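What follows is a short report on a single structure.
The first residue in the sequence is number 1, and the count goes up from there. Note that this is a predicted model, so its numbers are computed, not measured. Note that these values count all heavy atoms, side chains included, but never hydrogens, waters or copies made by symmetry.
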Amino acid sequence: MCTPRAGSIAPGASESQVRDGVRDLADEMFGTRRFWHKRIVRSGVNTLEPYRSNPPDLRIADDDVVFLDFGPIFGGWEAGFGRAYVLGEDRAARRCGAGVAAGSRLF
C-alpha cells in the first residue's frame, strides 16, 4: 500500500504540497500517472466541504484531521484510496481516527 512519506503530513505543509507529494510517490512506487477523479487532501475546516467543492489551499495546523482521497488507475483499473490522519494530542479526535481505521479493515 502506498502511504505518504514520513513527515509529509505535518503542521505547516499545505494541502497542495501533500497532494502533490502523494501523486509523486505513487508515480515513483507504481508508475501511476493517471487518476480517475480529482486528488483531494483536506484539513481543518476544509474537511467539511463536499467532494465537488474546491476550497482554498490551507496549511495544516497542529491539531488538524487531514484526509486524502485519490483515485489512481493501475493497469487500466480504477482504484480508490482514502485515508484520514489525526495530528496532535486531542484524545477524542485520536479515538475517532483509530475507530475509523479499525472499521476500514473490515471491508
Sequence neighbours excluded, the answer for ring pair (Phe, Tyr, Trp, His ring centres under 6.0 Å) partners of Phe35 is none

Report yes if the side chains of Val18 and Ile60 come closer than 4.5 Å at any heavy-atom pair, otherwise no. yes

Asp69 side chain reached by Arg42 side chain, heavy atoms, under 4.5 Å: no

Examine distances only and state if a side-chain atom of Glu78 and a backbone atom of Gly71 form a donor-acceptor pair shorter than 3.5 Å. no

Of all residues at least two apart in sequence or in a different chain, which pass the side chain to side chain donor-acceptor pair (under 3.5 Å) check with Asp27? Arg33

So CZ of Arg19 and OG of Ser14: to nearest 0.5 Å the spacing works out to 8.0 Å

Out of curiosity, does Phe67 fall in the hydrophobic cluster containing Leu48 (side-chain heavy atoms, cut-off under 4.5 Å, transitive links)? no

Could you go through Val41 and Phe70, starting from their C-alpha distance and side-chain angles, then the distance that decides it, and tell me whether this counts as side-chain contact (heavy atoms from CB on, under 4.5 Å)? CA-CA 9 Å; Val41 173; Phe70 288 74; 4.1 Å; yes

Validation row: Leu68, Ile9 side chains within 4.5 angstrom (heavy atoms): yes

Rounded at 0.5 Å granularity, tell me how far CZ in Phe30 sits from CG in Leu25. 7.5 Å

Carefully, step by step, assess Asp90 and Val65 under the rule side-chain contact (heavy atoms from CB on, under 4.5 Å). CA-CA 10 Å; Asp90 183 302; Val65 172; over 6 Å; no

When you measure from the side chain of Asp57 to the backbone of Ser16, do you find a donor-acceptor pair of N or O atoms at a distance under 3.5 Å? yes

Close side-chain approach of Val22 to Arg39, heavy-atom, < 4.5 Å: no

Same apolar cluster: Trp36 and Ile40, side chain cutoff 4.5 Å: no

Using modelled atom types and a 3.5 Å cut-off, is there a donor and acceptor pairing between side-chain atoms of Glu49 and backbone atoms of Asn46? no

Just to verify, what does Asp63 make a side chain to side chain donor-acceptor pair (under 3.5 Å) with, not counting sequence neighbours? none

Would a distance-only check, ignoring hydrogens and angles, find a side-chain to backbone donor-acceptor pair under 3.5 Å from Asp62 to Pro11? no

